[in-house]
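Count residues from 1 along the sequence. What's counted below: heavy atoms across the whole structure, side chains too, no hydrogens, waters or symmetry copies.
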Amino acid sequence: MSISLKEKDSKQNNSDPIGKITGFFLFRNLIDNYNDNKVSGEDERKRIKKYGIISLILSLAAIVISVSCLITTIINVEFQGVSVVLIMIVSILGGIIIPIVMSLYAFVFAVLQVRLNRKAVGIIGIVTSVLSLVSCIVLTVFLII
């Protein structure tokens, strides 16, 4: 009564709560990679900074995108042939939705870095991801007013 590898694989995939909840291939690979790093040796675990660096990159990019859309909205650039509705849609999509998603992913990466080895880059990643979320909220408030 041995179980074949295919049956064993399908049972593991069906009982995988991360795959069912997220459905994102990247996020699932991130969790698997994090679990591998978590059980690695103490010295190797202390040297890992990649989650904090990814967090910084994502949150800084989100801040740049959000602030640039905020400045564009403040200046109120009138493009010829483009309606105000189209400019508003681009501002909402480019200035709010994309940076919020990037900020949330940056926050997840920063928390993983802090949980892994409490490096300063993880704390800085948390701060910058919160700042990028705040910039998205400010843009949202400014667009409503």
*Residues two or more places apart in sequence or in another chain: which of them pass side chain to side chain contact (heavy atoms under 4.5 Å, CB included) with I97?*
I92, L93

Would you tabulate the side-chain donor-acceptor contacts of residues 53-65 under 3.5 Å, counting partners in other chains and residues two or more places apart, or write 'none'?
from : atom 1 : to   : atom 2 : distance (Å)
S55  : OG     : A106 : O      : 2.8
S59  : OG     : S55  : O      : 2.6
S59  : OG     : L56  : O      : 3.4
S59  : OG     : T128 : OG1    : 2.8

*asked:* Could you see if V121 belongs to whatever hydrophobic cluster contains L112? Use Ile, Leu, Val, Met, Phe, Trp, Tyr and a side-chain cutoff under 4.5 Å.
replied: no

*asked:* Under 4.5 Å between side-chain heavy atoms, counting indirect links through other Ile/Leu/Val/Met/Phe/Trp/Tyr residues: same cluster for V101 and I98 or not?
replied: yes

_NZ/K49: more than 12 non-hydrogen atoms of other groups inside 6.0 Å_ = no

_Note, L104 side chain near V108 side chain (heavy atom, < 4.5 Å)_ = no

*Determine yes or no for a side-chain-to-main-chain donor-acceptor pair under 3.5 angstrom, with Q113 supplying the side chain and G122 the backbone.*
no

Review item, side-chain donor-acceptor pairs of residues 137-145, under 3.5 Å, at least two apart:
from : atom 1 : to   : atom 2 : distance (Å)
T140 : OG1    : C136 : O      : 2.8

